[in-house]
Amino acid sequence: MADDENDDEYSEVGARPLSEILIKTDLPLLTLYQCLSYNVMALYMSQVPLPLDVLGYTPNEGTYVITAHMLGMFVPGLVSGRVIGRAGTWATTSGGFLVSILGGCVMLVDDSLALFFVGMTLVGFGWNLSFVGPSALVSTIYTPKERADVIGFNDGVMLLTIGVFALTGSQIYKAINSWHVFIYTLIGISALSALAAAAR
């Protein structure tokens, strides 16, 4: 029994408190980028049915746009790991935000359904690239004993921001009262994120 207790005490050695991890590692930055990436994408996805409805497109057509967007989100996962391996995490993250900007710009050209398809697919693709890299890096900064604290912080902050924007997204859109201005706002956030990631 004594040996077991000694082993348990030894296994706790080196487990840093969360406050130290937050100060001495990139965890806050990685969590921030995951929040930015996810919520920019989610604001596009949750609000795009509104302009589609105003423009007279049917609910089925709106569903096709969302489906294309979701394919853009997850199909690139087949190759995004290789892209990160070749280009590096921060370059890929910056590139992902740039792809998202491109998607927004496509939808600013005109209000045709085809451009909604293309633009929302690009937004999904951009999310994949900008989210996967920072998410994967989180796993490199903790020891097994620190895992619960780090993952709890990272996922907790992400879920909190996702919940906030899920509840307020429509109010934000209503306050802006313009799909194009809404896109410009998300493009601005993505541009700042891309520049900051490129500077890492």
Side-chain angles (χ1 to χ4, degrees), residues 26 28-52 62-109 115-139 151 154-170 172-173 179-180 182-200:
D26 283 339
L29 188 65
L30 296 172
T31 302
L32 172 64
Y33 269 94
Q34 290 173 80
C35 292
L36 287 169
S37 174
Y38 195 100
N39 286 299
V40 165
M41 177 278 298
L43 283 170
Y44 273 113
M45 182 172 66
S46 63
Q47 302 310 307
V48 74
L50 299 178
L52 288 171
T63 299
Y64 296 146
V65 170
I66 296 298
T67 300
H69 169 72
M70 295 185 71
L71 289 172
M73 288 174 63
F74 297 112
V75 171
L78 298 171
V79 297
S80 55
R82 294 182 182 180
V83 174
I84 292 170
R86 285 180 171 271
T89 297
W90 291 111
T92 304
T93 300
S94 179
F97 281 111
L98 292 176
V99 173
S100 182
I101 290 170
L102 178 60
C105 290
V106 166
M107 289 184 284
L108 288 171
V109 173
L115 292 186
F116 272 100
F117 270 102
V118 174
M120 288 300 294
T121 301
L122 288 171
V123 168
F125 185 30
W127 168 81
N128 187 287
L129 293 177
S130 58
F131 182 84
V132 170
S135 179
L137 272 185
V138 170
S139 65
I151 297 299
N154 183 74
D155 291 0
V157 172
M158 274 203 10
L159 290 171
L160 176 63
T161 61
I162 290 168
V164 168
F165 282 103
L167 292 171
T168 61
S170 293
I172 294 170
Y173 182 81
W179 173 241
H180 285 186
F182 187 74
I183 291 176
Y184 281 123
T185 302
L186 296 180
I187 285 176
I189 295 170
S190 297
L192 291 173
S193 302
L195 288 172
R200 289 290 298 167

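Side chains of Val138 and Ile151 form a contact here, defined as non-hydrogen atoms less than 4.5 Å apart. Between Leu32 and Pro28 the shortest side-chain heavy-atom distance does not fall below 4.5 Å. Looking at heavy atoms from C-beta onward, Trp90 lies in side-chain contact with Leu137 at the 4.5 angstrom threshold. Contact of the Leu129 side chain with the Phe97 side chain is not registered, since no non-hydrogen atoms from C-beta on lie closer than 4.5 Å. Residues Phe165 and Ile172 form a side-chain contact, since some pair of their non-hydrogen atoms from C-beta on lies under 4.5 Å apart. Pro51 places none of its side-chain heavy atoms less than 4.5 Å from the side chain of Phe182.
In plain terms, the two heavy atoms of Ser46 and Pro49 that are nearest each other are O-CD, 3.5 Å. Nearest approach of Asn39 to Ile162, heavy atoms of both residues: OD1-CA, 3.5 Å. For Val123 against Gly104, the heavy-atom pair with the smallest separation is CG2-N, 4.3 Å. Residues Leu122 and Val99 approach most closely at O-CG1, 3.3 Å, considering heavy atoms. In terms of heavy-atom proximity, Thr93 sits nearest to Pro134 at OG1-CD, 3.3 Å. Shown here for Met73 and Asn128, the closest heavy-atom pair between the two residues is O-ND2, 2.7 Å.
Here ring pair (Phe, Tyr, Trp, His ring centres under 6.0 Å) pairs that include residues 63-82, with residues two or more places apart or in two chains, are Phe74-Trp127. Applying the salt bridge (charged side-chain N to carboxylate O under 4.0 Å, His left out) definition to pairs two or more places apart or across chains, none involves residues 70-80.
Taken to the nearest 0.5 Å, the CG atom of Leu52 stands 7.5 Å off from the CH2 atom of Trp179. Interatomic distance, Leu159 CG to Asn154 CG, rounded to the nearest 0.5 Å: 9.5 Å. Between atom CG of residue Leu50 and atom OG of residue Ser170 there is a gap of 6.0 Å, rounded to the nearest 0.5 Å. Rounding to the nearest 0.5 Å gives a distance of 10.5 Å between CD1 of Ile66 and CZ of Phe116. Taken from CE in Met120 to CG in Leu115, the straight-line distance is 13.0 Å, to the nearest 0.5 Å. Within the model, atoms CG of Leu29 and CD of Gln34 stand 10.0 Å from one another, a figure rounded to the nearest 0.5 Å.
In this structure, the side chain of Ser94 does not engage the main chain of Ala91 through any donor-acceptor pair within 3.5 Å. No donor-acceptor pair closer than 3.5 Å links the side chain of Ser135 to the backbone N or O of Phe131. In this structure, Ser37 contributes its side chain and Tyr33 its backbone to no donor-acceptor pair below 3.5 Å.
With a 6.0 Å radius and a threshold of 12 heavy atoms from other residues, nucleotides or ligands, Tyr173 has its OH atom above the threshold.
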Solution key, residues 183-200 side-chain donor-acceptor pairs under 3.5 Å, sequence neighbours excluded:
from   : atom 1 : to     : atom 2 : distance (Å)
Thr185 : OG1    : Val181 : O      : 2.9
Ser190 : OG     : Leu186 : O      : 3.0
Ser193 : OG     : Ile189 : O      : 2.9
Arg200 : NH2    : Asp26  : OD1    : 3.4
Arg200 : NH2    : Asp26  : OD2    : 2.9

